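Written out below as structure tokens is the structure these notes cover.
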Amino acid sequence: MKLNAVLDKRALVYSSSLPWVDSPLAGVARRMLEREGGETASRATTVVRYDEGASFTEHVHDMGEEFIVLKGVFSDESGDYGEGMYVRNPPGSSHAPFARKGCEIFVKLRQFSPEDNNVVRVNTGTSAWLPTAVEGQCVMPLYRRDGSDPEYVSLLKWSPGVRLPRHEHRGGEEVFVLKGSFGDELGLYPEGTWLRNPDGSSHQPYSADGCVLYIKTGHLPKLANS
């Protein structure tokens, strides 16, 4: 399967409009946003739903796992992760997840650098929002990797009526709308929207009613003339 698999192309998915597709395990269903490969994909970005009492067999994350809990409580041997928890499990880690009362998570699989061995746990419900140079915008840093293979992950919170200056995405940008909605010259993006803007793209986003966004930048393939 190849679904939004060309990383230097813009991609847009309104995940809330997608049907839930059952996984091989009972009680676990998915909305696929980005995928390359079959059941054991070489790359995948997905919204996953666990029904009450559902569990997944123990498995290894060969190239890492990153997720944020959207609803409910996601659990594994290391603990319980409620709504808003951001988690990174490095390459080679393993677990057997489950949900006692059900949950939904936004998850990215097999997208780490091999040397990225950081374990990250951030409770975004209690972590501080930091002001930025843009009026009406706050940021919550979640993860940062500098160097030749950079990656920056954060939450952004925009107040109602915020309008950002036009800016360019060097190294690309990936967005998942956690709450509210925003727009730009290409469209409107309600809660549940997944958007990938490639390296070198630009836009002038705004939010009429306010929103909270998961943002990842710097990680997409660079243009030859970058």
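Small disclaimer: the values here were computed from a predicted structure and weren't measured.
In plain terms, the two heavy atoms of Pro114 and Pro91 that are nearest each other are O-CG, 4.2 Å.
Atom-to-atom distance recorded for Tyr206:OH and Ser181:OG is 8.5 Å, nearest 0.5 angstrom. Atoms CE and CH2, on Met140 and Trp129 in that order, are 4.5 Å from each other to the nearest 0.5 Å. Put simply, CD on Glu191 and OG on Ser15 are 9.0 Å apart, with the number rounded to the nearest 0.5 Å. Atoms OG and NZ, from Ser75 and Lys101 in turn, are 11.0 Å apart once rounded to the nearest 0.5 Å. Met63 CE to Asp116 CG: the interatomic distance, rounded to the nearest 0.5 Å, is 9.0 Å. Rounded to the nearest 0.5 Å, atoms CG (Leu18) and CZ (Arg31) are 6.5 Å apart.
Using a 4.0 Å cut-off between charged side-chain N and carboxylate O, Arg110 and Glu65 make no salt bridge. A salt bridge links Arg100 with Asp80: the closest approach of a Lys/Arg side-chain nitrogen to an acidic carboxylate oxygen falls below 4.0 angstrom.
Judged by a 6.0 Å distance limit and a 45° cone about the ring axis, Arg145 is not positioned over the six-membered ring of Tyr152. Judged by a 6.0 Å distance limit and a 45° cone about the ring axis, Arg88 is positioned over the six-membered ring of Phe112. Under a cutoff of 6.0 Å and an axis angle of 45°, Arg49 and Trp20 form a cation-pi pair.
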Between Glu66 and Tyr143, does the side chain to side chain donor-acceptor pair (under 3.5 Å) criterion hold? Intermediate values first, please. CA-CA 11 Å; Glu66 170 191 13; Tyr143 182 72; over 6 Å; no
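Scanning for ring pair (Phe, Tyr, Trp, His ring centres under 6.0 Å) contacts around His219 gives an empty result, with sequence neighbours left out. With sequence neighbours left out, the ring pair (Phe, Tyr, Trp, His ring centres under 6.0 Å) criterion links Phe176 to Phe106.
In this structure, Val48 is a member of the same hydrophobic cluster as Val87, with clusters built from ILVMFWY side-chain heavy atoms closer than 4.5 Å. With hydrophobic clusters built from ILVMFWY side chains whose heavy atoms lie under 4.5 angstrom apart, Val47 shares a cluster with Tyr86. Val107 and Val60 fall into different hydrophobic clusters, where Ile, Leu, Val, Met, Phe, Trp and Tyr are joined by side-chain heavy atoms under 4.5 Å apart, directly or via other members. Cluster membership for Ile68 and Val212, using ILVMFWY side-chain heavy atoms within less than 4.5 angstrom, is shared.
Residues Ser202 and Arg166 have side chains that bring a donor and an acceptor to within less than 3.5 angstrom of each other. For Arg121 and Asn89, the side-chain atoms include at least one donor-acceptor pair closer than 3.5 Å. Side-chain atoms of Arg43 and Gln111 include a donor-acceptor pair closer than 3.5 Å. Checking Thr217 against Glu173 by side-chain atom types alone, no donor-acceptor pair falls below 3.5 Å. When only modelled atom types and interatomic distance are considered, Tyr81 and Asn123 share no side-chain donor-acceptor pair under 3.5 Å.
Judged by distance alone, the side chain of Arg196 and the main-chain N or O of Glu34 form no donor-acceptor pair under 3.5 Å. Looking only at distances, no side-chain donor or acceptor of Lys9 sits under 3.5 Å from a matching main-chain atom of Ala5. At distances below 3.5 Å, at least one donor-acceptor pair connects side-chain atoms of Ser23 with backbone N or O atoms of Leu25. At least one donor-acceptor pair closer than 3.5 Å links the side chain of Asn4 to the backbone N or O of Leu33.
Between Phe67 and Phe74, the distance separating the two ring centers is shorter than 6.0 angstrom.
Within a 6.0 Å sphere centred on CD of Glu58, heavy atoms belonging to other residues, nucleotides or ligands number more than 12. Atom CG of Asn117 sits in a crowded spot, with more than 12 heavy atoms from other residues, nucleotides or ligands closer than 6.0 Å.
His203 and His167 have perpendicular rings, their planes meeting at more than 60° on a 0 to 90° scale where under 30° would count as parallel. Note: His95 and His59 have perpendicular aromatic rings, judged against thresholds of 30 and 60 degrees for the angle between ring planes.
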